[in-house]
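Here you go, one structure.
Chain letters run A, B, ... following the sequence lines, proteins first, then strands; residues in each count from 1.
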There are 2 protein chains.
Amino acid sequence: MTTNSGVPEVVVDRLPQYLRALSQLESSGIDVISSQQLGELLQVTPAQIRKDLSYFGRFGKQGRGYSISHLLGRLRNILGLDQTWNVAVIGVGRLGRSIISYPGFQPEGFRVVCAFDSDSGVVGQVAGGLTVYDFADYAEVAKRENVQIAIVAVPANVAQAVIDDLVAAGVKSILNYAPKSALTPADVRIRNVDPVVSLQSMTYYLSAR
Amino acid sequence: MTTNSGVPEVVVDRLPQYLRALSQLESSGIDVISSQQLGELLQVTPAQIRKDLSYFGRFGKQGRGYSISHLLGRLRNILGLDQTWNVAVIGVGRLGRSIISYPGFQPEGFRVVCAFDSDSGVVGQVAGGLTVYDFADYAEVAKRENVQIAIVAVPANVAQAVIDDLVAAGVKSILNYAPKSALTPADVRIRNVDPVVSLQSMTYYLSAR
DNA sequence: AATTGATTGTAAATAGATTCACAAACAGGG
DNA sequence: CCCTGTTTGTGAATCTATTTACAATCAATT
Ligand SMILES: NC(=O)c1ccc[n+]([C@@H]2O[C@H](COP(=O)([O-])OP(=O)(O)OC[C@H]3O[C@@H](n4cnc5c(N)ncnc54)[C@H](O)[C@@H]3O)[C@@H](O)[C@H]2O)c1
Ligand SMILES: NC(=O)c1ccc[n+]([C@@H]2O[C@H](COP(=O)([O-])OP(=O)(O)OC[C@H]3O[C@@H](n4cnc5c(N)ncnc54)[C@H](O)[C@@H]3O)[C@@H](O)[C@H]2O)c1
């Protein structure tokens with residue numbers, strides 16, 4: 001699947017891995033790395049790293065390798081991470097609250113700017129410093145707050161309906177925590193975070209066969 | 001990558017999706033489905049579903065489709081989900097606690113049977129009904145409790161060390177929540193749950209290009 | 001300034017995954 | 001009991017991804 005321009009989706013999905021490894025290398029003081037070394041670190045062949053990067057340009061130097069800070073900058077730019085992204089959380093229950101106060105998003109440029117629920121007992125409350133809006137007002141609030149990404153943390157049985165509403169409101173990227181694989185139009189990107197699915201594929205290999 | 005027997009890893013990774021969709025169909029009272037219909041529901045081609053299933057046997061009937069309850073049984077068996085799996089959680093901080101009390105594991109046959117931390121302020125506490133053990137005693141306790149799967153919820157900077165210890169103790173399946181891609185031997189399966197990585201690949205498509 | 005050793009970027013080859021396409025099988029009429 | 005309309009299971013074809021292999025390039029050294 002290339003889906004968009006000429007870059008295969010698998011390649012785009014590997015870039016954040018490279019980014020993370022390079023970040024760590026940078027903060028440990030190293031400033032040049034070869035595809036060989038990076039590959040060892042990530043369990044990926046050096047050729048794959050070079051080929052992946054070659055979709056976007058020529059970032060290395062023959063005989064030396066890649067300047068980590070330079071490559072980091074380029075990867076951030078390619079992935080659109082040289083800007084801040086505004087995120088909305090839908091569903092302010094146990095999970096929604098922990099997402100709102102998860103400190104891992106902010107440093108990576110993702111800012112939770114508003115939260116929504118449909119329960120009148122929750123709407124109007126303050127959670128993690130954010131006032132909870134009525135999900136019925138999503139389109140209006142999201143526009144005002146300039147939201148580009150929605151995180152869905154509602155019960156599975158309403159997930160599809162919520163996602164339909166989000167799509168109708170123009171959202172193009174959704175991170176879905178509900179254990180439900182939801183349907184979206186081809187131009188809307190959805191990623192599922194589901195630990196049970198991950199466990200279920202590992203047990204295949206654990207089972208005697 | 002086939003990694004083990006003749007079944008490609010991508011195929012195994014799709015089975016839990018099929019399982020989940022079929023479960024929902026079953027509870028909504030339907031009892032037969034064609035690859036065509038299931039494919040529409042999951043945004044997958046019917047041929048792919050049929051080919052995936054054909055790695056494991058012949059579960060359908062020409063002219064009719066698949067008996068949902070029968071196929072569910074077969075998929076559960078193939079994935080090793082007709083047994084209960086004992087899980088250990090490593091790192092009893094904010095995340096570790098929510099994992100321990102997450103109600104989504106139990107119904108799918110994953111039981112969190114013990115929890116570990118290295119902080120003496122946490123060891124001995126009770127969290128979600130479980131006494132927290134010292135991670136130094138992992139091998140012993142895990143053996144006694146018959147643990148087959150470990151969930152890692154420790155800070156990124158200690159994740160590799162913790163995972164090395166788990167591997168040394170004989171763990172073959174790890175679900176890692178730390179934002180760190182860790183190295184493991186080829187016979188140890190690791191899956192990462194990382195919402196930031198998912199977001200970072202979506203922003204690629206959001207960015208003007 | 002030539003030589004060495006390392007490493008990139010990529011074209012071509014290989015391997016792997018998906019889709020096509022159709023014979024075989026089955027249920028439900030008539 | 002024989003059509004008719006479906007839908008499976010799967011070999012072959014196609015498409016996609018990965019790996020190989022090497023010329024081009026660069027820094028360091030003599
Ligand atoms: N993927 C994961 O790691 C993970 C972890 C925990 C929970 N979950 C899932 O996340 C979801 C939420 O879990 P939770 O424990 O927070 O549940 P919860 O019941 O505590 O919270 C759900 C919230 O969604 C709200 N809600 C319901 N319908 C809504 C609608 N139509 N619009 C807006 N808000 C609505 C409810 O009012 C409630 O506040 C569940 O689907 C659960 O299975 C996933
Ligand atoms: N993937 C996700 O969705 C997600 C969400 C939240 C947090 N996280 C990550 O999960 C990890 C934990 O987050 P948290 O908020 O619970 O942090 P936390 O600080 O609250 O908890 C971490 C716990 O790990 C324990 N620990 C430290 N070193 C240990 C060791 N060597 N052995 C055993 N236990 C040890 C600490 O004592 C602490 O109790 C972090 O890496 C965080 O980035 C991931």
Side-chain angles (χ1 to χ4, degrees), chain A residues 1-15 17-18 21-22 25 30-75 78 186 201 204, chain B residues 1-15 17-18 21-22 25 30-75 78 186 201 204:
Chain A
M1 254 241 268
T2 48
T3 309
N4 205 320
S5 59
V7 184
E9 196 160 9
V10 274
V11 172
V12 175
D13 286 352
R14 274 191 296 265
L15 299 186
Q17 310 291 342
Y18 300 162
L22 291 166
L25 287 166
I30 304 170
D31 41 45
V32 173
I33 195 167
S34 67
S35 58
Q36 175 68 234
Q37 297 169 297
L38 185 58
E40 273 160 27
L41 216 61
L42 288 170
Q43 314 264 63
V44 164
T45 64
Q48 176 139 87
I49 293 172
R50 296 202 301 274
K51 173 136 263 248
D52 285 354
L53 296 178
S54 78
Y55 283 100
F56 305 98
R58 306 155 48 103
F59 309 130
K61 271 217 171 70
Q62 282 104 329
R64 303 253 320 126
Y66 300 87
S67 150
I68 291 181
S69 66
H70 178 246
L71 185 52
L72 271 172
R74 300 298 295 112
L75 285 176
I78 291 162
S201 62
Y204 172 81
Chain B
M1 252 240 270
T2 49
T3 309
N4 204 320
S5 59
V7 184
E9 196 160 9
V10 274
V11 171
V12 175
D13 286 352
R14 275 191 295 265
L15 299 185
Q17 310 290 344
Y18 300 163
L22 291 166
L25 288 166
I30 304 170
D31 41 46
V32 173
I33 195 167
S34 66
S35 58
Q36 174 68 235
Q37 298 169 297
L38 185 58
E40 274 160 26
L41 215 61
L42 288 170
Q43 315 264 61
V44 163
T45 64
Q48 176 140 88
I49 294 172
R50 297 202 300 275
K51 172 136 283 225
D52 284 354
L53 296 177
S54 78
Y55 283 100
F56 305 97
R58 305 155 50 101
F59 309 131
K61 271 217 171 70
Q62 283 104 329
R64 303 251 320 123
Y66 300 86
S67 150
I68 291 181
S69 66
H70 177 246
L71 185 51
L72 271 171
R74 300 297 295 110
L75 284 176
I78 290 162
S201 63
Y204 173 81

Report the distance from atom CG of A:L22 to atom CG of A:L71, rounding to the nearest 0.5 Å.
->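 Reported to 0.5 Å precision, the distance equals 5.0 Å.
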
Check: Tell me, do A:F56 and A:L75 make a side-chain contact under 4.5 Å, heavy atoms counted?
Finding: no

Dump the pairs, protein N or O against N or O of nucleotides 23-30 of chain D, anything under 3.5 Å, distances to one decimal.
| from | atom 1 | to | atom 2 | distance (Å) |
| --- | --- | --- | --- | --- |
| D:dT25 | O4' | A:Q62 | NE2 | 3.3 |

- Please name all residues satisfying salt bridge (charged side-chain N to carboxylate O under 4.0 Å, His left out) with B:R50, sequence neighbours left out, ordered by chain then number.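 Per chain and number, B:R50 pairs via salt bridge (charged side-chain N to carboxylate O under 4.0 Å, His left out) with no residue.
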
### Query
Considering heavy-atom distances to DNA chain D, does B:Q37 or A:V11 have its closest nucleotide positioned more toward the 5' end?
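On the 5' side of the pair lies B:Q37.
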
Here the distance between atom P of C:dA11 and atom OH of A:Y55, to the nearest Å, is 11 Å

Here the distance between atom C1' of D:dG9 and atom CZ of B:F56, to the nearest Å, is 15 Å

inquiry  = Measuring only between side-chain heavy atoms, which start at C-beta, is B:D52 closer than 4.5 Å to B:V10?
reply    =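 Answer no - side chains too far apart.
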
Worksheet entry | Residues forming a salt bridge (charged side-chain N to carboxylate O under 4.0 Å, His left out) with B:D31, sequence neighbours excluded |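 Listed in chain order: nothing, the list is empty.
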
Within residues 44-54 of chain B, those residues having any heavy atom closer than 4.0 Å to DNA chain D are B:R50, B:K51, B:S54

- Item | Nucleotide D:dT7, atom C1' - distance to CZ of B:F59 in whole Å |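 These atoms are roughly 17 Å apart.
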
Here the gap from A:R74 atom CZ to A:L53 atom CG, rounded to the nearest 0.5 Å, amounts to 10.5 Å

Answer yes or no: does a side-chain N or O of B:Y66 lie under 4.0 Å from OP1 or OP2 of C:dC26?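 Checking C:dC26 against B:Y66, no side-chain N or O comes under 4.0 Å of OP1 or OP2.
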
Check residues 59-68 of chain B and write down every donor-acceptor pair under 3.5 Å in which the side-chain atom is one partner and the other belongs to a residue at least two apart or another chain.
| from | atom 1 | to | atom 2 | distance (Å) |
| --- | --- | --- | --- | --- |
| B:S67 | OG | B:H70 | N | 3.2 |

Under 3.5 Å, side-chain donor or acceptor atoms of residues 36-44 of chain B against the rest of the protein: list the pairs with distances, not counting sequence neighbours.
| from | atom 1 | to | atom 2 | distance (Å) |
| --- | --- | --- | --- | --- |
| B:Q37 | OE1 | B:S34 | N | 2.9 |
| B:Q37 | OE1 | B:S34 | OG | 3.3 |
| B:Q43 | NE2 | A:T184 | O | 3.2 |

note: A:I68, atom CD1; C:dT7, atom P; distance rounded to Å ~ 14 Å

Given side chains that start at C-beta, do those of A:V12 and A:Y55 come closer than 4.5 Å, heavy atoms only?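 No, too far: nothing below the 4.5 Å cut-off.
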
Rounded to whole Å, the CD-P distance (B:E9 to D:dA17) equals 17 Å

Rounded to whole Å, the NE2-P distance (B:H70 to D:dT8) equals 15 Å

